[in-house]
A.B. asks: 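Here it is, the structure, as structure tokens.
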Amino acid sequence: MNTIKTVLGYPRIGPDRELKKAVEKYWSGDSDAAELEATAHRLRADTWRDLAGRGLDVLPGNTFSYYDQMLDHVQLFGIIPERFRALDRSGLDTYFAMARGHAEVAPLELTKWFDTNYHYLVPELAENTVFRLNPAKPLEDLAAAREAGVETRPVLIGPLTFLLLSKSTTPGFEPLSLLDRLLDAYAELLGRLDAAGADWVQLDEPVLVQDRTPAELDALRRAYDRLAKLTERPRLLVATYFGDPGAALPVLASTAVEGLAVDLVSTPGLVDQLAVLPSIQRKTVFAGVVDGRNVWRTPLGEALSTCVKLLGSVGRLAVSTSCSLLHLPYDVDAEDELDPQVRARLAFARQKVDEVVLLGRALSEDEPRVLVNLDNPSRGPLNDSGLAREQAVRDRVAAIRPEDRQRAPYDERRTAQESIGLPDLATTTIGSFPQTADLRRTRTELRSGRIDQATYDERMRAEIARVISLQEELGLDVLVHGEPERNDMVQYFAEQLDGFATTRHGWVQSYGSRCVRPPILYGDVSRPEPMTVRWASYAQSLTERPVKGMLTGPVTILAWSFVRDDQPVAVTVDQVALALRDEVADLASAGIRIVQVDEPALRELLPLRSAEQRAYLDWSVGAFRLATGGASAEIQIHTHLCYSEFGAVIAGIDGLDADVTTIEAARSRMEILGDLAACGFRRGVGPGVYDIHSPRVPSQDELTDLIARAVAAVPADRLWINPDCGLKTRGYDEVIPALRHLVQAARTARS
């Protein structure tokens with residue numbers, strides 16, 4: 001049989017972050033819409049030609065976005081909130097206003113896309129929402145691909161996922177009740193795409209791998225029964241990924257949709273479930289056997305065996321990725337500085353495409369040379385390479401005792417920490433200050449050898465002194481050194497820990513124009529020497545006010561890295577935690593009384609099925625407590641969590657046992673505090689009042705109102721006033737007035 005070769009999606013920022021640069025140039029006013037659109041057109045065309053040239057049969061289309069695919073669907077369905085319509089701006093500027101805010105107009109909420117580090121913008125729906133289809137983007141995308149000489153399969157967010165990820169603006173209203181209205185828009189869109197010549201349309205429904213109620217499964221059946229019965233439509237591919245669709249799988253299979261895409265990397269047991277579905281022989285199954293989320297090469301022999309098992313059960317087979325390749329860097333061939341043994345075991349997006357094509361050829365062609373290429377000993381498992389093991393690290397993990405994860409009781413710690421001398425409603429920031437062009441240039445000059453280490457250190461000390469002086473002038477109570485030496489909150493530590501490799505070009509989109517380079521955790525983790533002590537100590541020497549030591553927590557270091565897959569993750573995270581434990585001890589010995597261990601990814605890694613969440617919280621919370629458990633009662637431990645739906649991990653937040661927890665709360669206007677109060681949370685909490693993911697400068701009145709809401713839920717002696725997140729991505733022209741307003745609002749509330 002002729003096996004289809006495809007992927008579910010592809011990176012869109014450009015191999016050299018061309019889209020990021022073009023968007024930010026547009027935001028700054030240094031280019032116009034025509035120039036931005038020209039860059040976008042070129043990036044799409046280059047991607048299509050590259051994918052077609054690498055041998056894919058069917059290419060995903062409509063995956064390009066200036067900012068976020070959920071935001072694209074807000075425009076697609078014409079559900080722009082009135083506060084943005086009132087701006088009376090161009091379509092592109094309204095789009096970016098929803099993402100970033102504008103003047104006094106707050107943006108849409110931002111949160112994590114399932115258990116990934118990608119952030120999406122949350123649509124706002126109400127009982128009177130009217131969907132008005134605006135199909136220009138997917139239709140233009142389809143036409144542009146055809147003009148570039150390729151045929152594409154338009155990709156859309158499915159109706160269940162769109163509604164269940166949306167936010168109700170009316171108390172008690174359930175967005176899913178809008179399903180029939182939304183299906184009218186989908187039906188019209190499918191008709192337009194069919195008339196434009198689309199053969200297939202992909203509808204992404206990742207919400208199906210979460211726990212779904214009987215009512216939601218019934219809505220799923222109704223939705224796809226209705227769409228499948230349309231007489232004028234393309235063939236429908238419904239894609240589930242990131243886990244097991246469970247009870248949703250037979251529901252989907254019972255409808256007349258022509259294709260199902262399943263993630264066989266996270267859930268290999270789906271092969272057996274598919275085989276017993278009575279209708280599966282009439283469908284095309286897109287077998288996600290190539291991992292779209294991690295960078296290790298696919299064990300092609302195993303993947304081929306999985307595909308062969310399906311051949312006798314399904315109507316037609318497509319070899320595919322487990323999910324979109326959006327979560328991977330572009331090309332490992334660009335990484336010429338990696339250890340060759342590590343590099344040989346890696347596959348970024350382009351290499352994943354090559355793996356899909358090779359597997360498809362192996363299934364379709366009677367060609368021995370294809371089979372020979374399936375397995376290469378030099379690309380074997382890490383634990384066969386000699387790279388991964390350090391016995392001293394393993395011995396230390398084996399010796400961990402339960403008491404290593406415990407501190408003194410909170411009441412004892414709170415009394416001991418009174419000597420720090422902080423007021424009620426203490427003000428602070430989350431850690432980083434703006435990363436200026438001069439700072440980035442200094443790091444580049446050090447890397448290239450144009451300056452020596454002594455010159456670099458001198459410039460960093462000058463920047464730290466400037467940031468300390470600025471914070472004292474603004475009147476903040478607890479200061480930070482500003483992190484000028486850090487390129488990224490995870491990469492910085494990965495570069496100093498054994499067991500990690502870092503890349504030069506391995507950029508991945510996190511949200512909008514924000515890109516990160518996730519490190520590659522390939523071996524046992526240890527800390528050769530202190531990583532942050534000299535900078536924190538220098539900052540503390542410049543001021544009488546307390547300076548926080550700043551660390552990234554073990555769970556977040558794992559979440560924002562590509563992690564080895566040859567041992568249980570609970571073992572790996574404890575290795576990282578032990579390295580951080582040593583750093584906490586060294587900071588305390590250097591006289592740092594407050595240490596912040598950030599865990600913004602705690603919610604991110606929470607398993608999508610509730611049955612698996614208890615085990616995750618046990619090892620993730622345990623790792624944080626291992627990292628901080630050696631701190632004496634006099635050391636105040638802070639942690640930070642941002643841009644997540646916190647309700648699901650309230651017990652985990654409490655279990656961290658941090659003295660102070662800072663969280664994102666500005667866009668949601670303090671909603672989380674009700675959950676914390678309901679669960680009896682009684683430690684310090686700092687709900688963010690300044691949304692740093694928007695260029696807006698909040699007024700003092702706005703911040704005063706948010707602080708009033710916070711004080712109504714949390715006693716003032718346990719409440720901290722701070723921004724939502726670090727200030728790295730903002731400019732000083734925004735940060736200085738915003739922090740000035742924050743300090744003054746806190747003083748007003750205090751008085």
Side-chain angles (χ1 to χ4, degrees), residues 7-23 43-44 46-51 53-54 56 60 63-65 68-69 112-113 115-119 241-242 265 288 290-298 320-357 379 382 447 487-495 499-522 556-565 601 604:
V7 297
L8 296 188
Y10 203 70
R12 59 200 182 207
I13 59 173
D16 192 34
R17 295 177 295 159
E18 292 91 337
L19 181 62
K20 167 192 171 66
K21 297 168 187 176
V23 166
L43 283 174
R44 284 185 301 164
D46 288 348
T47 297
W48 291 325
R49 282 190 285 262
D50 183 52
L51 293 179
R54 300 185 93 81
L56 293 182
T63 57
F64 177 84
S65 177
D68 167 55
Q69 65 268 22
K112 295 294 180 72
W113 181 250
D115 56 352
T116 76
N117 188 33
Y118 179 81
H119 304 59
Y241 42 80
F242 300 151
V265 173
V290 172
D291 193 346
R293 292 185 58 177
N294 210 341
V295 294
W296 306 109
R297 287 189 179 271
T298 302
S320 184
T321 50
S322 61
C323 61
S324 171
L325 296 173
L326 173 72
H327 310 287
L328 297 180
Y330 273 84
D331 189 0
V332 76
D333 289 342
E335 303 299 334
D336 53 9
E337 296 180 5
L338 282 174
D339 182 318
Q341 290 190 79
V342 175
R343 181 179 164 186
R345 290 167 169 80
L346 300 177
F348 292 176
R350 281 180 176 157
Q351 289 72 40
K352 299 286 187 178
V353 171
D354 294 341
E355 291 178 337
V356 167
V357 171
R379 301 169 180 174
L382 278 170
R447 263 196 321 271
N487 43 22
D488 175 82
M489 66 182 293
V490 171
Q491 184 181 345
Y492 174 79
F493 291 96
E495 289 173 342
F500 283 88
T502 57
T503 66
R504 290 185 62 198
H505 308 287
W507 296 102
V508 177
Q509 184 182 22
S510 178
Y511 64 88
S513 68
R514 169 72 170 148
C515 303
V516 295
R517 282 182 292 166
I520 298 162
L521 199 171
Y522 66 85
T556 298
I557 287 178
L558 255 68
W560 296 352
S561 299
F562 295 117
V563 178
R564 62 190 295 182
D565 58 0
E604 177 182 314

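Here, residue 1 is the first one in the sequence, and each next residue gets the next number. Just so we're clear, the structure is a prediction, and the values are computed from it rather than from any experiment.
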A.B. asks: Between R343 and E335, is there a side-chain N and carboxylate O pair less than 4.0 Å apart?
C.D. replies: no
A.B. asks: Where the side chain of R350 meets the backbone of D331, is there a donor-acceptor pair that is under 3.5 Å apart?
C.D. replies: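 Judged by distance alone, no pair lies under 3.5 Å.
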A.B. asks: Would you check if the side chain of T556 reaches a backbone N or O of A601 as a donor-acceptor pair within less than 3.5 Å?
C.D. replies: yes
A.B. asks: State whether K352 and D291 are salt-bridged, where the test is any N-O pair (Lys NZ or Arg NE/NH1/NH2 against Asp/Glu carboxylate O) under 4.0 Å.
C.D. replies: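 D291 and K352: not salt-bridged.
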A.B. asks: Is a side-chain donor or acceptor of R17 paired with a backbone partner of I13 at a separation under 3.5 angstrom?
C.D. replies: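 No; judged by distance alone, with no hydrogens or angles, the pair does not exist.
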A.B. asks: Within the distance-only criterion (no hydrogens, no angle test), does the side chain of R297 pair as donor or acceptor with the backbone N or O of L346 below 3.5 angstrom?
C.D. replies: yes
A.B. asks: Distance only, no hydrogens: is a donor on one side chain within 3.5 Å (strictly under) of an acceptor on the other, for Y522 and D339?
C.D. replies: no
A.B. asks: Are R54 and Q351 linked by a side-chain donor-acceptor pair shorter than 3.5 Å?
C.D. replies: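 Side chains of R54 and Q351: no pair found under 3.5 Å.
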A.B. asks: Under a plain distance cut-off of 3.5 Å, with no hydrogens placed, do Q69 and Y118 share a side-chain donor-acceptor pair?
C.D. replies: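 Result is yes, a qualifying pair exists.
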A.B. asks: One thing to verify: whether R293 and D115 come together as a salt bridge, which I'm taking to mean a side-chain N less than 4.0 angstrom from a carboxylate O.
C.D. replies: yes
A.B. asks: For R514 and Q509, test the side chains for any donor-to-acceptor distance below 3.5 angstrom and give the result as yes or no.
C.D. replies: no
A.B. asks: Using only atom types and a distance under 3.5 Å, with no angle test, would you say the side chain of H505 pairs donor to acceptor with the backbone of P15?
C.D. replies: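 No, the answer is negative, given that no donor and acceptor are paired below the 3.5 Å cut-off.
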A.B. asks: Quick one: side-chain hydrogen bond (donor to acceptor under 3.5 Å, both in side chains) partners of D333, sequence neighbours excluded?
C.D. replies: none
A.B. asks: Pairing donors with acceptors under 3.5 angstrom, does anything connect the side chains of W296 and D565?
C.D. replies: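 No, no side-chain donor-acceptor contact under 3.5 Å.
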A.B. asks: Checking side-chain polar atoms at under 3.5 Å, does Q491 have a donor or acceptor matched by the opposite partner on T502?
C.D. replies: no
A.B. asks: Going by side-chain hydrogen bond (donor to acceptor under 3.5 Å, both in side chains), name the residues that satisfy it together with N294, two or more places apart in sequence or in a different chain.
C.D. replies: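 Counting only residues at least two positions away or on another chain, N294 forms no side-chain hydrogen bond (donor to acceptor under 3.5 Å, both in side chains).
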A.B. asks: Between the side chain of E355 and the main-chain N/O of V353, is any donor-acceptor distance below 3.5 Å?
C.D. replies: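 Pair absent, no side-chain N/O of E355 close to backbone of V353.
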A.B. asks: Determine whether a donor-acceptor pair (N or O, by modelled atom type, separation under 3.5 Å) exists between the side chain of Y330 and the backbone of F348.
C.D. replies: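 No, the answer is negative, given that no donor and acceptor are paired below the 3.5 Å cut-off.
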